[in-house]
Asks: 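Take this structure first; my questions come after.
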Amino acid sequence: MIVVLGVLGLGAGPAAAVPPPPTIVLVHGAFADATGWRDVADTLRGQGYPVQTFDNPLRGPAHDSALLEKQLAGIRGPVVLVGHSYGGAVITNTHDRDVVANVYIAAFAPARGEFVQGLLNPLTYPGSRLLPPALQLKIVDDPTGPGGKNLDGYIARPYFRDIFAQDVSPATAADMFAHQKSAALSANLEPSGDPSWRTVPSWYLVSRQDRVIPPALQRFMSSRAAQGRTSEVDASHASLVSRPGAVAAVVLRAARASQQ
């Protein structure tokens, strides 16, 4: 009987529960849309992680993070948020108890009261080429703006590749330009709220050849938001397109850490 019990495993303890993989939500920034995440998303799905993208309206951190929180409310289980560029300001202002990690990809990670344009102060952190005539303005229909209109910024075609994605092919840059979404000028001037990175474990990937957010500024922000969890890649601002493997590796690192 003892032998039978041993064979049947009746005396064994309960099997350890395997934590579910977190859903990874990818948040694009200004002058881009969700298609920029295509290769990163494919890699993450290939590793068994459910992936969603967020169609960022680019209207302002408070407005955009509120919409992101609505999307997160429909996800069961843990979530890893990944923000690129201005998308970092959005995930910084997103507060959801199911978020187990933030990942910043060449992104803004503001403290309370800071705003994008203020962080891009050329006297403190010179190097951004996101200036006129490359940066153009246009009036757009926008129900969130005064009188149903808003003043948006975008990168003009002749400058797009050189500033945003100098390390991709001309054909890829042309496709990215075709998918460019303009951002409300007011979004760059809106002060950030309490940062989620103060309580949520966060990772940061610095782009060393960034011509939008100077690398020195990225290192400053990452020293507060992701101390000890920062790495660098020799890439343009659009590292998610030019170096998707490096970006996916950082996201996987955060996702796997959240499962331990």
Side-chain angles (χ1 to χ4, degrees), residues 23-45 49-72 75 79-94 99 101-110 116 130 135 140 142 144 152-155 160-161 163-165 167-168 172-185 187-188 190 192 196 202-207 210-213 218 221 233 235-244 246-248 250-251 254:
T23 298
I24 299 171
V25 180
L26 306 172
V27 182
H28 70 81
F31 321 123
D33 71 0
T35 61
W37 290 113
R38 187 183 299 117
D39 291 343
V40 173
D42 286 347
T43 298
L44 298 173
R45 291 188 179 108
Y49 288 91
V51 177
Q52 294 186 15
T53 56
F54 173 62
D55 188 17
N56 196 347
L58 309 175
R59 299 299 92 192
H63 173 273
D64 300 342
S65 62
L67 289 182
L68 177 56
E69 287 173 359
K70 288 184 179 180
Q71 180 169 328
L72 299 184
I75 299 174
V79 172
V80 172
L81 285 180
V82 186
H84 173 244
S85 193
Y86 163 80
V90 176
I91 70 171
T92 294
N93 284 272
T94 299
V99 174
N102 289 329
V103 184
Y104 293 85
I105 307 298
F108 290 100
V116 167
L130 191 61
L135 182 63
V140 300
D142 179 3
T144 71
D152 272 27
Y154 67 98
I155 302 176
F160 185 86
R161 178 170 179 256
I163 291 176
F164 199 79
D167 55 354
V168 306
T172 298
D175 182 67
M176 293 171 66
F177 178 82
H179 287 92
Q180 178 179 192
K181 290 178 63 175
S182 62
L185 191 63
N188 293 331
E190 181 182 313
S192 181
S196 60
S202 299
W203 281 254
Y204 199 111
L205 181 63
V206 174
S207 283
D210 202 313
R211 297 175 180 175
V212 175
I213 306 177
Q218 294 183 44
M221 293 186 290
V233 62
S236 69
H237 186 61
S239 58
L240 68 168
V241 178
S242 65
R243 297 291 301 277
V247 171
V250 175
V251 178

Asks: Which distance, rounded to the nearest 0.5 Å, do you find between the CD1 of Ile105 and the OG of Ser207?
Replies: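 Between atom CD1 of Ile105 and atom OG of Ser207 there are 8.0 Å.
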
Asks: Would you say that Trp37 contacts Val247 through its side chain, given a criterion of any heavy-atom pair below 4.5 Å between the two side chains?
Replies: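 Yes - at least one pair of side-chain heavy atoms lies under 4.5 Å apart.
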
Asks: Does Pro244 reach the side chain of Thr43, with side-chain heavy atoms less than 4.5 Å apart?
Replies: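 Sidechains of Thr43 and Pro244: no contact.
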
Asks: Any chance you could measure His63, atom NE2, to Asn56, atom CG, to the nearest 0.5 Å?
Replies: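 Separation between the atoms: 10.0 Å.
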
Asks: Does Tyr86 reach the main-chain N or O of Phe31 with its side chain, forming a donor-acceptor pair under 3.5 Å?
Replies: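 Checked: no pair found.
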
Asks: Donor-acceptor pair, Glu190 side chain versus Ala62 backbone, under 3.5 Å?
Replies: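 Yes: the side chain of Glu190 pairs with the backbone of Ala62.
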
Asks: Of all the heavy-atom pairs spanning Val103 and Ala254, show the shortest one and how long it is.
Replies: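 The pair with the smallest heavy-atom distance is CG2-CB, 3.6 Å.
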
Asks: Asp167 vs Ser242, test: side chain to side chain donor-acceptor pair (under 3.5 Å). Steps then yes/no.
Replies: CA-CA 6 Å; Asp167 55 354; Ser242 65; 2.9 Å; yes

Asks: Where do Val27 and Leu68 come nearest, in terms of heavy atoms and distance?
Replies: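 For Val27 and Leu68, the tightest heavy-atom pair comes out as CG2-CD2, 4.0 Å.
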
Asks: Atom CG in Asp210, atom CZ in Phe164: separation rounded to 0.5 Å?
Replies: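 One finds 9.0 Å between CG of Asp210 and CZ of Phe164.
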
Asks: Sequence neighbours left out, what passes side-chain contact (heavy atoms from CB on, under 4.5 Å) with Thr172? Give chain and number order.
Replies: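 So Thr172 forms a side-chain contact (heavy atoms from CB on, under 4.5 Å) with Val168, Ser169, Met176, Val241.
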
Asks: Taking all atoms of both residues into account, what is the closest heavy-atom pair of Thr92 and Ala109, and its distance?
Replies: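 Closest approach of Thr92 to Ala109: OG1-CA, 3.9 Å.
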
Asks: Sub-3.5 Å donor-acceptor pair from the side chain of Thr94 to the main-chain atoms of Ser196, do we have one?
Replies: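 Checking the backbone N and O of Ser196 against the side chain of Thr94, no donor-acceptor pair under 3.5 Å is found.
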
Asks: Can you measure from CG (Leu26) to CZ (Phe54) and round to the nearest 0.5 angstrom?
Replies: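 Taking CG in Leu26 and CZ in Phe54, the distance rounds to 12.0 Å.
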
Asks: Which heavy atom of Ser182 sits nearest a heavy atom of Tyr154, and at what distance?
Replies: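 Closest approach of Ser182 to Tyr154: CB-CB, 4.2 Å.
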
Asks: Strictly by salt bridge (Lys or Arg N to Asp or Glu O under 4.0 Å), give each pair with a member in residues 53-67 just once, sequence neighbours left out.
Replies: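 Those involving residues 53-67 are Asp55-Lys181, Arg59-Asp142, Arg59-Asp152.
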
Asks: Between Pro57 and Leu67, which heavy-atom pair has the shortest distance, and what is it?
Replies: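 For Pro57 versus Leu67, the nearest heavy atoms are CG-CD1, 3.6 Å.
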
Asks: For the CZ atom of Arg211 and the CG atom of Leu130, what is their distance to the nearest 0.5 Å?
Replies: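 Between Arg211 CZ and Leu130 CG, I get 13.0 Å after rounding to 0.5 Å.
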
Asks: Checking Thr23 now: which residues fulfil side-chain contact (heavy atoms from CB on, under 4.5 Å) with it, not counting sequence neighbours?
Replies: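 So Thr23 forms a side-chain contact (heavy atoms from CB on, under 4.5 Å) with Val25, Pro50, Gln52, Ile75.
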
Asks: Quick one: are Ser85 and Ile213 in side-chain contact, heavy atoms under 4.5 Å?
Replies: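 Yes. Closest side-chain heavy atoms under 4.5 Å.
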
Asks: Go through the side-chain N and O atoms of Thr53 and His28 and say whether any donor and acceptor fall under 3.5 Å apart.
Replies: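 No, no side-chain donor-acceptor pair sits under 3.5 Å.
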
Asks: Does His84 use its side chain to pair, donor to acceptor, with the backbone of His237 at less than 3.5 Å?
Replies: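 Looks like yes, one N/O pair under 3.5 Å.
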
Asks: Can Leu81 and Leu72 be said to form a side chain to side chain contact (heavy atoms under 4.5 Å, CB included), step by step?
Replies: CA-CA 10 Å; Leu81 285 180; Leu72 299 184; 4.0 Å; yes

Asks: Which atom names give the shortest non-hydrogen contact between Ile155 and Gln180, and what distance separates them?
Replies: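 So the minimum-distance heavy-atom pair works out to N-OE1, 2.7 Å.
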
Asks: Between Phe177 and Phe160, how do the two ring planes meet: parallel, tilted or perpendicular, split at 30° and 60°?
Replies: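 If you compare the ring of Phe177 with that of Phe160, the planes turn out perpendicular.
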
